Amino acid sequence: MADKVRRQRPRRRVCWALVAVLLADLLALSDTLAVMSVDLGSESMKVAIVKPGVPMEIVLNKESRRKTPVIVTLKENERFFGDSAASMAIKNPKATLRYFQHLLGKQADNPHVALYQARFPEHELTFDPQRQTVHFQISSQLQFSPEEVLGMVLNYSRSLAEDFAEQPIKDAVITVPVFFNQAERRAVLQAARMAGLKVLQLINDNTATALSYGVFRRKDINTTAQNIMFYDMGSGSTVCTIVTYQMVKTKEAGMQPQLQIRGVGFDRTLGGLEMELRLRERLAGLFNEQRKGQRAKDVRENPRAMAKLLREANRLKTVLSANADHMAQIEGLMDDVDFKAKVTRVEFEELCADLFERVPGPVQQALQSAEMSLDEIEQVILVGGATRVPRVQEVLLKAVGKEELGKNINADEAAAMGAVYQAAALSKAFKVKPFVVRDAVVYPILVEFTREVEEEPGIHSLKHNKRVLFSRMGPYPQRKVITFNRYSHDFNFHINYGDLGFLGPEDLRVFGSQNLTTVKLKGVGDSFKKYPDYESKGIKAHFNLDESGVLSLDRVESVFETLVEDSAEEESTLTKLGNTISSLFGGGTTPDAKENGTDTVQEEEESPAEGSKDEPGEQVELKEEAEAPVEDGSQPPPPEPKGDATPEGEKATEKENGDKSEAQASVCRASVTRFGF
């Protein structure tokens, strides 16, 4: 019996070892399950997480608050974030940075840089000659770019989420304003990389809000379209969005709810911050009047005193939203002199009268972009902290002509909850109920190129062509291919923004350069020399506007065909093989067209100068997959780069004569010159 027991002991050890390995694997897997979202506002941020057993929870910071100020205090050997940094703003205003998101992706000559300097003169902004942007000069040895400061904040938000979840987190969805252009979005992605975050998606904050609203009202969505307007006035900007909710049929999951962004309007500088700055200026004037005749310095020249006044103005704005008047009080404002003054709501409204006149502007922009009227809008819902100002609600209610404004959504946390739901949908660790999201392109993107044409025998001239890749309010993510049929030599083409006529003159100056990049293709002529007997099918450029709204040129390739006589017994087919010329802007091969929806834009010789998919003279193949709803509102990530890839939009066809057409691909080199940010 003893011998039998001894023989079983090794087996038991093996079993226990296997159990230990399995437990270790499960623990390691559980450590990577949690995902987070960061609703990055101008004044504060909200962080939310999803982990097993904790569905969609707002993270509490170290002070047990649900929102954290986006403020950073930088010293020689230490950094402060959130509420700690806010308290340091009074003691050390020069080293305390806030509202720095307004400088992301901006060149030094941008009007927003001058506006930031005027609002916060205590900060020293220095010029970065390499990137043509600005730095915060904290001291002679400390300087940081806005992207680096944002990276610190994102890293701090990650630490808050990890402490709350009690496990490491690396996957995140980050909200950005819908009016962010390519440079600003890439700046946020760069900051996230500095923080060590894997960005699943940059989601527009208005889309995240709409998703949160739809998820919690799934039962109210049916096959009848419902048009809802969200009016979001935050601290730094105002955005108005028209969203259509409807049940649609998807290939993967049958009937599912869908939200579609139909119209967008915005004002980059209309928000609570501008109201507070005007209140601060009013309080500074009152304080100077009280000390008039005492040979006292102007309080505006004292950064600490102005920081105190800004904090009091923020409090005063909040109190006046519920009261007709209030007493502003600051102990030891400057030179140990206390300040006390009464401010009424009427005075506040007079100070911001021109701001309230701008409230209906985003509504009209959204209606125009959606090509809708107010009669088609069922409800107007308020979002954002600045919408609590009574005068804002009065002007907006009059502008939309409704009986009342909807307040049935958490104005502060809706975007964070929608973003974290999207994070769970994009993560492979969770399975959520599908909710189709169709976001819209705000800034159209086109390709411009020039080629030589022969108008008459012996007479040549240059013809400038434009091809719209992604039209305004068109859906994304989306992939498109443009084919250049008339080139047999090296050439260049430009990727630019399209018609921005919907922006005012000041907005255009803030927008910056309208040229995204210039692509220089080399080796095109060599490819034609290499395959002189083959039929050219053109130079194909593959573009991708991904889930984050970031444009990339995946690859450019030259495709050739030749006919090869084959035996009659074999079936005749057309096979095209494409060899990638170059991966630009981060590169990668194109996933299957059915999953990503590829539109093909064909360039023809006699097409008009301003081309679009509906204009005559231009042959365009649009696939249904590009317009089909995508489950969970996301696209699968691109596969790893491979040596060969099949050009999209090309299918096998049979020849009547039984010949077999075999394609050969030529390899060309491509170089790109970047402009702007």
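Computed from a prediction, not measured in an experiment: that's the story for all the values here. Along the sequence shown, residues carry numbers from 1.
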D232 side-chain N/O to V239 backbone N/O, donor-acceptor pair under 3.5 Å: no
Set of residues satisfying salt bridge (charged side-chain N to carboxylate O under 4.0 Å, His left out) with respect to R119, sequence neighbours excluded: E274
Any residue meeting side-chain contact (heavy atoms from CB on, under 4.5 Å) with Q143, in chain and number order, not counting sequence neighbours: T126, H135, Q137
Under 3.5 Å side-chain donor-acceptor pair for R388 and S321: no
Any donor-acceptor N/O pair, T387 side chain to G384 backbone, under 3.5 Å: yes
Pairing residues for Y443 by the ring-ring contact (aromatic ring centres under 6.0 Å, His included) criterion, not counting sequence neighbours: F511
Test: D412 and R66 ion pair at under 4.0 Å: no
Residue pairs involving residues 188-211 (criterion salt bridge (charged side-chain N to carboxylate O under 4.0 Å, His left out); sequence neighbours excluded): none
Short N-O contact, R131 and E147, less than 4.0 angstrom: yes
A414 backbone acceptor or donor facing T209 side chain under 3.5 Å: no
Donor on one side chain, acceptor on other, N314 and E43, under 3.5 Å: yes
Salt bridge flag under 4.0 Å for residues K46 and E413: no
Between D439 and T207: side-chain donor-acceptor atoms closer than 3.5 Å: yes
Salt bridge (charged side-chain N to carboxylate O under 4.0 Å, His left out) pairs, two or more places apart, involving residues 77-93: R65-D83
Salt bridge (charged side-chain N to carboxylate O under 4.0 Å, His left out) involving R158 - partner list, sequence neighbours excluded: E162
Which residues share a salt bridge (charged side-chain N to carboxylate O under 4.0 Å, His left out) with R315, sequence neighbours left out: E312
Rounded distance (nearest 0.5 Å) linking atom CG of N204 with atom CZ of F180: 10.5 Å
Pair Q201-Q422, side-chain donor/acceptor within less than 3.5 Å: yes
Residue list, side-chain hydrogen bond (donor to acceptor under 3.5 Å, both in side chains) with K67, at least two apart or on another chain: none
Flag if over 12 foreign heavy atoms under 6.0 Å of CD, E63: yes
Ring-ring centroid check Y99 F120, cutoff 6.0 Å: yes
Exercise: do D171 and S427 side chains pair donor with acceptor under 3.5 Å: no
R186 and N181: side chain donor to acceptor below 3.5 Å: no
Any pair counted as ring pair (Phe, Tyr, Trp, His ring centres under 6.0 Å), so long as it reaches residues 245-272, sequence neighbours left out: F179-F266, Y213-Y245
From L104 atom CG to H112 atom NE2, the distance as rounded to the nearest 0.5 Å: 12.0 Å
Pairwise side-chain contact, K75 with N92, heavy-atom cut-off 4.5 Å (strictly under): yes
Pairwise distance CD1(I203) to OG(S37) - rounded to 0.5 angstrom: 9.0 Å
Atom pair OH (Y476) and OG (S548), whose distance is rounded to the nearest 0.5 Å: 8.0 Å
Pairs where residues 140-168 contributes a residue and the test ring pair (Phe, Tyr, Trp, His ring centres under 6.0 Å) is met, not counting sequence neighbours: F81-Y156
Point-to-point distance, once rounded to the nearest 0.5 Å, from CE of M417 to CG of D39: 11.5 Å
side-chain hydrogen bond (donor to acceptor under 3.5 Å, both in side chains) partners for S139, two or more places apart: E76
Minimum side-chain heavy-atom gap I49-V35 below 4.5 Å: no
Contacts of R268 that satisfy salt bridge (charged side-chain N to carboxylate O under 4.0 Å, His left out) - sequence neighbours left out: E184
